[in-house]
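These notes are about the structure you will find just below.
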Amino acid sequence: MSAAHRFRSEFLRTFVERGAYYDCSAPEDLDALFGKERVTAYIGFDCTAPSLHVGSLVQLMTLRRLQQAGHRPILLMGGGTTKAGDPSGKDETRLLLTPEKIEDNKNAIVAGVRHLLKFGDGPTDAILVDNAEWLDKLEYIPFLREVGKHFSVNRMMTMESVKLRLEREQPLSFLEFNYSIMQAYDFVELYKRYGCRLQSSGSDQWGNVVSGIDLGRRMENVQLFGLTTPLITTASGAKMGKTVAGAVWLNADQVSPYDYWQFWRNTEDKDVGRFLKLFTDLPVAEIARLAALQGAELNEAKKILATEATAILHGRDAADAAAETSRKAFEEGVGAAAGLPTFEIARDKLGAGMAVTALAHAAGLTTSAGDARRQIEGGGLRLNDKPVSDVKAVVTEQDLNDGVLKLSVGKKKHILIKVV
RNA sequence: GGGGGAAUGUCCCGAGCGGCAAAGGGGGCGGACUGUAAAUCCGCUGCUUUCAGCUUCGUAGGUUCGAGUCCUACUUCCCCCA
């Protein structure tokens, strides 16, 4: 990492300056490469869920910055590797996903992140690739003879991920053992197809990245590079990615732009500067000014962080709308601020009156009616901003204002109930 | 192949003489204090139509008035010997 401050290329300087740099396989050579030509680089994601998570955002931002610096990013979807299943990290056997499910996940993931990059056919336009294109067709023996022969089991045994498992005497399946070979092969394949020279990833993928670099040298006699980003944690040491509602997915159908905005708005004080650098495009000088704000003034910086980060993912309009909804709900105290999450309920269901506990549950505000009851007992549930004190309280049409009523748990979780 | 352990509240760790909705943590949620922050303190944390009922302790059977706890088989994992 000592080479980090000596970088001359625009991209790597920015990368370091923004706090995204963790490690690099051959810093000086990569710097020189970035200085003299347009570089094609990739990051891979498996299709295990229908959306990526904020934890993947640093990687996605890497592709974005690459493109901004005039290079060409490849977004590699692991349609093939997901079929094999990546057991790394977990001791439980992950259930195998069906090919249809993988395909659906892939399409959903891509749809969710398309604003982050500009795709197309131009020289710096991003390319979308699926490793199923080549992995699906592999034949076992030919693959072993052409690729497998370059891997030394002795060396693989010394890889951090493998070594750790062996030392802890945790099981390591042969499938898992092979995973890094497939990932290494991806890198070489992308080099052959697109002249891709660099693989970026989270620091946990270091071993797999290095395998790809080695394979490139052995099979194609080319120098490939690896560049990793740090695991982002909050100042309190927790892994990033929880909101009042659960995991922070990137797709809008799972976490709305409003909730996404709120996630960033609730950043801890100490993280504001770091997150602005990592997750927005604001100039660092501007960020330095914002991060220097003290006390309650930092809230202004948090709003900017929220709006900028949301704009990158969901577009400027959605970000501004989320900011406006938040302003009304939290600063003006407008009860039923338009734009808050909304739940619709049929008029006849409410007609005879409905228990608040049942309504809170139906609207997804609480996990069960019992949970809602406990919230009432703890003074945490409010109807139209007034605390509900009676567990058996019933909601009727009289609680409606213009056909809408607001239900809240705690200070931050609000939902509008609209009668239709 | 032989022997010995383990699987608990579907977030995680983890106690549990045959009377257990099941100790204790962590995490999460709510309240107070604040600035929609952190820290701190307090409460809650299986479901329901809650003076009660119902479903939980790897799976399936069995013993018993009664089983997380005892027995049998199975599954998975760990350890030791070969």
Side-chain angles (χ1 to χ4, degrees), chain A residues 53 87 89-95 165-173 176 233-248 258-276 290-291 293-307 309-310 322-334 337 339-341 352-362 364-383 385-394 407-415:
Chain A
H53 180 260
K90 279 293 147 235
D91 40 6
E92 286 172 23
T93 317
R94 196 192 286 269
L95 46 318
R165 291 290 193 88
L166 294 180
E167 277 169 5
R168 287 199 198 150
E169 296 178 329
Q170 293 291 313
L172 175 75
S173 72
E176 182 170 3
T233 53
T234 67
S236 326
K239 233 188 252 181
M240 262 183 82
K242 286 286 186 89
T243 50
V244 283
V248 182
Y258 167 78
D259 285 326
Y260 191 72
W261 193 95
Q262 281 293 324
F263 165 71
W264 292 105
R265 174 62 183 82
N266 284 298
T267 297
E268 293 179 30
D269 283 10
K270 290 177 184 165
D271 290 325
V272 172
R274 194 161 53 101
F275 285 3
L276 277 166
L290 291 170
L293 294 173
Q294 293 299 311
E297 290 191 321
L298 254 180
N299 285 334
E300 292 310 312
K302 291 184 190 179
K303 288 181 212 166
I304 292 170
L305 168 63
T307 302
T310 305
E324 179 58 14
T325 297
S326 299
R327 194 185 62 75
K328 279 188 186 150
F330 286 93
E331 293 175 26
E332 281 184 18
V334 174
L340 286 174
M354 186 173 183
V356 233
T357 49
L359 186 59
H361 178 212
L365 197 61
T366 57
T367 56
S368 69
D371 183 28
R373 181 177 48 77
R374 277 180 235 111
Q375 289 296 351
I376 292 171
E377 287 167 349
L381 194 125
R382 278 165 299 134
L383 170 62
D385 299 313
K386 288 189 287 287
V388 176
S389 53
D390 181 7
V391 172
K392 291 184 176 152
V394 170
L407 218 51
S408 317
V409 164
K411 298 269 183 338
K412 298 178 189 173
K413 223 164 134 187
H414 308 288
I415 194 160

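The structure presented is a predicted model; accordingly, all values stated were derived computationally and were not measured. Numbered from 1 within each chain, the chains take letters A, B, ... in sequence-line order.
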Handout entry: Nucleotide forming a Watson-Crick or wobble pair with B:A67, both distances under 3.5 Å
Key = none
Exercise for the section: Figure out the NE2/P separation between A:His414 and B:U36, and round it to whole Å. Expected result: 11 Å
Fill in the blank from the handout: Here the distance between atom C1' of B:A38 and atom CZ of A:Arg265, to the nearest Å, is 14 Å
Handout entry: Side chain to side chain, A:Arg374 and A:Asp371, heavy atoms closer than 4.5 Å
Key = yes
Problem - C1'-based separation of B:A21 from B:U55 [nearest Å] - result: 10 Å
Handout entry: Watson-Crick or G-U counterpart of B:G43, or none if no pair lies under 3.5 Å
Key = B:C29
Handout entry: Closest heavy-atom pair and its distance - A:Ala301, A:Val272
Key = CB-CG1, 3.8 Å
Exercise for the section: Could you check whether A:Thr366 gets within reach of a base, just the sugar-phosphate, or nothing at all, counting any heavy atom under 4.0 Å? Expected result: nothing
Handout entry: With A:Arg274 via side chain to side chain donor-acceptor pair (under 3.5 Å) - residues at least two apart
Key = A:Asp271
Exercise for the section: In whole angstrom, give me the gap between the P atoms of B:C17 and B:C70. Expected result: 9 Å
Handout entry: Integer angstrom distance from the C1' of B:U75 to that of B:G58
Key = 8 Å
Handout entry: Sequence-distant partners of A:Glu300, side chain to side chain donor-acceptor pair (under 3.5 Å), two or more places apart
Key = A:Lys303
Problem - Spacing of the P atoms in B:U49 and B:C12 (rounded, Å) - result: 27 Å
Exercise for the section: Sticking with atom C1', work out how far B:G25 lies from B:A15, rounded to a whole angstrom. Expected result: 11 Å
Completion exercise
Rounded to whole Å, CZ of A:Arg382 lies from P of B:U36 at a distance of 13 Å
Completion exercise
Closest to the 5' end of RNA chain B, once A:Val409 and A:Trp261 are matched to their nearest nucleotides, is A:Val409
Problem - Partner residues of A:Thr325 under the side chain to side chain donor-acceptor pair (under 3.5 Å) criterion, sequence neighbours left out - result: none
Practice task
Can you tell me the distance, in whole Å, between the CG atom of A:Asp371 and the C1' atom of B:U48?
Solution key: 14 Å
Fill in the blank from the handout: To the nearest 0.5 Å, atom NE2 of A:His361 lies from atom OG1 of A:Thr367 at 7.0 Å
Practice task
Please state the C1' separation for the pair B:A82 and B:A22 - nearest whole angstrom.
Solution key: 42 Å
Problem - Length of the line joining A:Lys303:NZ and B:G35:P, which is rounded to integer Å - result: 13 Å
Exercise for the section: For A:Gly379, answer base if it contacts any base atom (sugar-phosphate contacts may also be present), sugar-phosphate if it contacts only those atoms, and nothing otherwise; contact means non-hydrogen atoms under 4.0 Å. Expected result: sugar-phosphate
Exercise for the section: Find the distance between CD (A:Gln375) and CG (A:Leu365) and round it off to the nearest 0.5 Å. Expected result: 8.5 Å
Practice task
For residues A:Arg327 and A:Glu332, report the shortest heavy-atom separation together with the two atoms involved.
Solution key: NH1-OE2, 2.7 Å
Handout entry: OP1 or OP2 of B:A37 under 4.0 Å from side-chain N/O of A:Lys412
Key = yes
Problem - Separation between the P atoms of B:C51 and B:C42, rounded to whole Å - result: 31 Å
Identify each atom pair where a protein N or O and an N or O of nucleotides 42-46 of chain B are less than 3.5 Å apart, giving names and distance.
none

Practice task
Select base, sugar-phosphate, or nothing to describe what A:Lys302 touches, counting heavy atoms under 4.0 Å on all strands.
Solution key: base
Practice task
Take atom CZ of A:Phe330 and atom P of B:U34, then tell me their distance rounded to the nearest Å.
Solution key: 18 Å
Might you list the N or O atoms of the protein lying below 3.5 Å from N or O atoms in nucleotides 49-52 of chain B, with each pair's distance?
| residue | atom | partner | partner atom | Å |
| --- | --- | --- | --- | --- |
| B:U50 | N3 | A:Arg373 | NH2 | 3.2 |
| B:U50 | O4 | A:Arg373 | NE | 2.6 |
| B:U50 | O4 | A:Arg373 | NH2 | 2.3 |

Exercise for the section: Can you figure out which of B:A38, B:G35, B:U36 approaches the side chain of A:Gln262 most closely? Expected result: B:U36
Problem - B:U55 - base-pair partner by Watson-Crick or wobble geometry, distances under 3.5 Å - result: none
Problem - Of the listed nucleotides B:G35, B:U36, B:G31, the one nearest the side chain of A:Lys411 - result: B:G31
Problem - Nearest-0.5 Å distance that lies between atom CG in A:Leu407 and atom CD1 in A:Ile415 - result: 8.0 Å
Practice task
Counting heavy atoms from C-beta on, name the nucleotide in B:U48, B:A37, B:G30 closest to the side chain of A:Glu268.
Solution key: B:A37
Fill in the blank from the handout: Separation of B:G30 atom P from A:Glu377 atom CD, nearest Å, is 16 Å
Practice task
Report the distance from atom CG of A:Leu290 to atom C1' of B:G35, rounded to the nearest whole Å.
Solution key: 17 Å
Problem - Test side chain to side chain donor-acceptor pair (under 3.5 Å) applied to A:Ser408 - qualifying residues, sequence neighbours left out - result: A:His414
Problem - Watson-Crick/G-U partner (both atom distances under 3.5 Å) of B:A7 - result: B:U75
Practice task
Determine the Euclidean distance between corresponding C1' atoms of B:G62 and B:U69; express it in Å to zero decimal places.
Solution key: 15 Å
Problem - Side-chain (A:Thr310) to main-chain (A:Thr307) donor-acceptor, under 3.5 angstrom - result: no
